Student: 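Questions regarding the structure given below will be posed in turn.
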Amino acid sequence: ARCTDENMKRYLGWDLGLLRVEANLVFNNPAVAVEVGLLDVIRFHVEEKGADLNRSVWNSFRTENFYGNDSLIEIALVRGDVNILESLLSVNGFDLERNTFALICFASCHSEEECFEAFIRHPRVNVNAVDTFGDTPLCVLLKRLSFSITAPGRSIIEFRPSDYLVRRILLLLEAGATSHGLLPLRDCTMIEFARSSLEQDPSNVHWRSVVQKMEEAINSRVRE
């Protein structure tokens, strides 16, 4: 892609909902190129203009992004285009190791299932990445599930409905997330926390699904 008259004309007036994206904006702001799904233009920004994937101050049209604090990877995760996501993840200059934990937690709330699964199964992504408190993404989602069950109806984006969270938890477990690690501040392992939650509410299908998948994953590793 080049910012030529031909390409300017090609992308002029790209329709983004109620907004009309001018070609100058597409070629000058990589976040907008990601948001409207122009893979060739994204490559132009990254490969030729050197757009910084570690920068987290891109302005985009995402409604929650009031302060322009999204990275290009986050915008790609929201858009849900697997090809764009994989193209960005292949860039050597992106410090994925430092950002993995936060990105998985972000994707668990903001990505469609296909894009979330593609991200956590990418060979560069460590699904057992930890934050400074020792939490893994699985720890975070288990606590969110507990909250969503005990306090339903809370309209906080991080606390999605139980069905949504369970599906993300199962995908993490299928991608290799370990459940025998400690749950920080709970003085128990993640699987012990899930089993205890099920014992307190034996009819809860969400905890039952999680415990069953955790036990399957542990038994599979033992057989290996």
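Because the structure is a prediction, the values reported are computed rather than measured.
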Student: Checking Gln212 now: which residues fulfil side-chain hydrogen bond (donor to acceptor under 3.5 Å, both in side chains) with it, not counting sequence neighbours?
Tutor: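 side-chain hydrogen bond (donor to acceptor under 3.5 Å, both in side chains) list for Gln212, sorted by chain: Glu216.
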Student: Report whether Ile218 and Leu182 are members of the same hydrophobic cluster (ILVMFWY, side-chain heavy atoms less than 4.5 Å apart, transitive linking).
Tutor: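 In one cluster with Ile218: Leu182, no.
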Student: Nearest 0.5 Å, what's the NE2-CG distance between His206 and Leu170?
Tutor: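 Answer rounded to 0.5 Å: 11.5 Å.
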Student: Can you list every pair that meets ring-ring contact (aromatic ring centres under 6.0 Å, His included) and has a residue in residues 71-100, with sequence neighbours left out?
Tutor: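 Found none.
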Student: How long is the gap from CD on Glu112 to CG on Leu77, to the nearest 0.5 Å?
Tutor: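 Glu112 atom CD to Leu77 atom CG measures 11.5 Å (nearest 0.5 Å).
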Student: If the condition is side chain to side chain contact (heavy atoms under 4.5 Å, CB included), which residues does Ala129 pass it with, not counting sequence neighbours?
Tutor: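 Once residues adjacent in sequence are excluded, the partners of Ala129 under the side chain to side chain contact (heavy atoms under 4.5 Å, CB included) criterion are Thr100, Phe101, Asn126.
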Student: Honestly curious: do Leu183 and Val130 fall in one hydrophobic cluster under the side-chain, below-4.5 Å linking rule?
Tutor: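 No, Leu183 and Val130 fall in different hydrophobic clusters.
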Student: Compare every heavy atom of Phe119 with every heavy atom of Ala107, then report the nearest pair and how far apart it is.
Tutor: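 That would be CB-CD2, 4.4 Å.
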Student: Let me confirm one number: the CE-OG distance from Met190 to Ser179, rounded to the nearest 0.5 Å.
Tutor: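 Separation between the atoms: 6.5 Å.
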Student: Of all the heavy-atom pairs spanning Ala177 and Asn128, show the shortest one and how long it is.
Tutor: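 Smallest heavy-atom distance, with atoms named: CA-OD1, 3.3 Å.
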Student: Does a side-chain N-to-carboxylate-O contact under 4.0 Å join Arg167 and Glu113?
Tutor: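 Looking at Glu113 together with Arg167, the answer is yes, because their closest N to O distance falls below 4.0 Å.
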Student: Test your reading of the model: is there a side-chain donor-acceptor pair from Ser148 to the backbone of Leu145, 3.5 Å cut-off?
Tutor: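 Present.
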Student: Taking all non-hydrogen atoms of both residues into account, name the closest pair between Ile104 and Val127 and its distance.
Tutor: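 Smallest interatomic distance, heavy atoms only, reads CD1-CA, 3.9 Å.
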Student: From Asn99 CG over to Ser71 OG, what is the distance, rounded to the nearest 0.5 angstrom?
Tutor: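 Nearest 0.5 Å value for the CG-OG distance: 7.0 Å.
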Student: Which residues pass the side-chain hydrogen bond (donor to acceptor under 3.5 Å, both in side chains) test with Ser111, sequence neighbours left out?
Tutor: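 Testing Ser111 for side-chain hydrogen bond (donor to acceptor under 3.5 Å, both in side chains), a comparison that skips the adjacent residues, returns none.
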Student: Report whether Val82 and Phe116 are members of the same hydrophobic cluster (ILVMFWY, side-chain heavy atoms less than 4.5 Å apart, transitive linking).
Tutor: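 No, no single cluster joins them.
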Student: Which residues satisfy the side chain to side chain contact (heavy atoms under 4.5 Å, CB included) test with Val205, sequence neighbours excluded?
Tutor: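 Scan of Val205 (side chain to side chain contact (heavy atoms under 4.5 Å, CB included), adjacent residues dropped) gives none.
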Student: I need the Ser108 OG to Arg168 CZ distance, nearest 0.5 Å.
Tutor: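 CZ of Arg168 is found 7.5 Å from OG of Ser108.
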Student: If a pair satisfies salt bridge (charged side-chain N to carboxylate O under 4.0 Å, His left out) and one of its residues is in residues 123-132, list it, with sequence neighbours excluded.
Tutor: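 Qualifying pairs, neighbours excluded: none.
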Student: Which pairs with one or both residues in residues 192-209 pass salt bridge (charged side-chain N to carboxylate O under 4.0 Å, His left out), sequence neighbours excluded?
Tutor: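 Residue pairs with at least one partner in residues 192-209: Arg195-Glu215.
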Student: What residues form a side-chain hydrogen bond (donor to acceptor under 3.5 Å, both in side chains) with Asn83, not counting sequence neighbours?
Tutor: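 Asn83 satisfies side-chain hydrogen bond (donor to acceptor under 3.5 Å, both in side chains) with no residue once adjacent residues are dropped.
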Student: Just checking Glu174: does its CD atom have more than 12 heavy atoms from other residues, nucleotides or ligands closer to it than 6.0 angstrom?
Tutor: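 Yes.
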Student: Side-chain donor-acceptor contacts of residues 135-142 below 3.5 Å, not counting sequence neighbours, with atom names and distances?
Tutor:
{"residue": "Asp135", "atom": "OD1", "partner": "Lys143", "partner atom": "NZ", "Å": "3.2"}
{"residue": "Asp135", "atom": "OD2", "partner": "Lys143", "partner atom": "NZ", "Å": "3.1"}
{"residue": "Thr136", "atom": "OG1", "partner": "Leu138", "partner atom": "N", "Å": "3.4"}
{"residue": "Thr136", "atom": "OG1", "partner": "Cys139", "partner atom": "N", "Å": "3.3"}

Student: Quick test of your reading: applying salt bridge (charged side-chain N to carboxylate O under 4.0 Å, His left out), list the pairs with at least one residue in residues 80-107, sequence neighbours left out, ordered by first then second residue.
Tutor: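 Every pair satisfying salt bridge (charged side-chain N to carboxylate O under 4.0 Å, His left out) with a residue in residues 80-107: Asp95-Arg98.
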Student: Considering residues at least two apart in sequence or located in another chain, which fulfil the ring-ring contact (aromatic ring centres under 6.0 Å, His included) criterion with Phe193?
Tutor: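 By the ring-ring contact (aromatic ring centres under 6.0 Å, His included) rule, Phe193 matches Trp207.
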Student: Which atom pair, heavy atoms only, marks the closest approach of Ala194 to Met214?
Tutor: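 Shortest heavy-atom separation between Ala194 and Met214 comes out as CB-SD, 3.9 Å.
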Student: Considering non-hydrogen atoms only, spot the tightest contact between Leu38 and Ile84 and give its length.
Tutor: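 Closest approach of Leu38 to Ile84: N-CD1, 4.4 Å.
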Student: Work out which heavy atom in Ser209 is nearest to a heavy atom in Val166; give both atom names and the distance.
Tutor: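 For Ser209 and Val166, the tightest heavy-atom pair comes out as CB-CG1, 4.2 Å.
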Student: Can you tell me how far the CG atom of Leu53 sits from the CG atom of Leu96, to the nearest 0.5 Å?
Tutor: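 Going from the CG atom of Leu53 to the CG atom of Leu96 covers 10.0 Å.
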Student: Going by side-chain hydrogen bond (donor to acceptor under 3.5 Å, both in side chains), name the residues that satisfy it together with His122, two or more places apart in sequence or in a different chain.
Tutor: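 For His122, no residue satisfies side-chain hydrogen bond (donor to acceptor under 3.5 Å, both in side chains) once neighbours in sequence are set aside.
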